[in-house]
Protein chains: 2
Amino acid sequence: MKNRQIYNCQEGCPIESTLQIISGKWKAVILYHFTKNNVHHFGELQRNMLDCSRRMLALQLKELESDGIIQKTIYPAMPPKTEYQLTAFGETLIPVINAMEKWGNYYNQRSLDRLN
Amino acid sequence: MKNRQIYNCQEGCPIESTLQIISGKWKAVILYHFTKNNVHHFGELQRNMLDCSRRMLALQLKELESDGIIQKTIYPAMPPKTEYQLTAFGETLIPVINAMEKWGNYYNQRSLDRLN
DNA sequence: CAGCATCCCGAATGATACTG
DNA sequence: CAGTATCATTCGGGATGCTG
């Protein structure tokens, strides 16, 4: 038996794999919205993420789509309408987002407490 | 400690808060090592993260330290020796890292399966 | 409305050398 | 060994305008 490391961050590091998918300035935030509602429209996401430019939102959605995390449905009409939703694969990410949400809430509360 | 990237979603968005602490190219990977072992040395972390430059490792450790996630102990000797470990606060992040690890392993396995 | 193309800047990171 | 200093470079992402 080889003396091999149980965990390594050289190749196949699970953290790096996860980061590969959900890093990017807005992806985790986008996915957070999907844990709250199954379906979203472009404009709606935009209104919920005012600091994310239209360009960035489009880019990040596109990458999430090409990674198989979300899928979009285009309704050919004028004006155009697009619906985004998590794929089954994308849903497997929910626990990660939930953990981030939970810790963020804890962190925010802790910060408030420290002001008093 | 200047020029840190700020992630803004909505006010008090928990995801934003979490990203503020663990985003950065290597922080989550560093924390991952801390979930496996309580104490780490600089050189040891470096050997486990060959793609992270010494400079980046030092930078990210410093930020994690100033955010209260890890603490370091310096043993004044020659050659110098420094130990890093999670603070109690830092330990609250473990579930987040664990969720990322779990998903990353799932993702890696899934990728392997798809090759066959 | 949703999204792409172009131009551009500055933060993030790398490379290299130096030090207690 | 465990960093820091300095310079160079990449690239994420902002601003704006155009289009189906």
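This structure is a prediction, so every number in the text was calculated from the model and none was measured. These numbers come from the heavy atoms of this one structure, side chains and all, not from hydrogens, waters or symmetry mates. So that the names make sense, note that chain A is the first sequence line, chain B the second, and so on, each numbered from 1.
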The nucleotide from D:dG13, C:dA2, D:dA2 with an atom nearest the side chain of A:F42 is C:dA2

Going by an N to O cut-off under 4.0 Å, is there a salt bridge joining A:K36 and A:E101?
-> yes

In whole Å, I'd like the distance from the [atom1] atom of [X] to the [atom2] atom of [N].
X     : N      : atom1 : atom2 : result
A:Q46 : D:dG14 : CD    : C1'   : 14 Å
B:L19 : D:dG12 : CG    : P     : 17 Å
B:E44 : D:dA2  : CD    : P     : 9 Å

Those residues that, when tested against A:L59, pass side-chain contact (heavy atoms from CB on, under 4.5 Å) (two or more places apart) = A:R55, A:M56

Should B:S53 be listed as having a side-chain N or O under 4.0 Å from OP1 or OP2 of C:dG14?
-> yes

Can you tell me if the side-chain N/O atoms of A:T82 get under 4.0 Å from OP1 or OP2 in C:dG3?
-> yes

Going by heavy atoms closer than 4.0 Å, what residues in residues 54-73 of chain A are next to DNA chain D?
-> A:R55, A:M56

Touch class at under 4.0 angstrom, heavy-atom based, for A:Y84 against every strand present | sugar-phosphate

Hey, which of these two, A:G43 or B:C52, hits DNA chain C nearer its 5' end, going by closest nucleotide?
-> A:G43

Where does the angle between the aromatic ring planes of B:F42 and B:Y84 fall among parallel (under 30°), tilted (30 to 60°) and perpendicular (over 60°)?
-> tilted

Anything under 3.5 Å between a donor and an acceptor, one on a side chain of residues 92-100 of chain A, the other on a protein residue two or more places apart or in another chain? List them.
unit_1, atom_1, unit_2, atom_2, d
A:T92, OG1, A:F89, O, 2.5
A:T92, OG1, B:W103, NE1, 2.8

Will you find, in the side chains of A:D113 and A:Q109, an N or O donor that is under 3.5 Å from an N or O acceptor?
-> yes

Kindly indicate whether the side chain of A:L61, heavy atoms from C-beta on, has any atom under 4.5 Å from the side chain of A:K72.
-> no

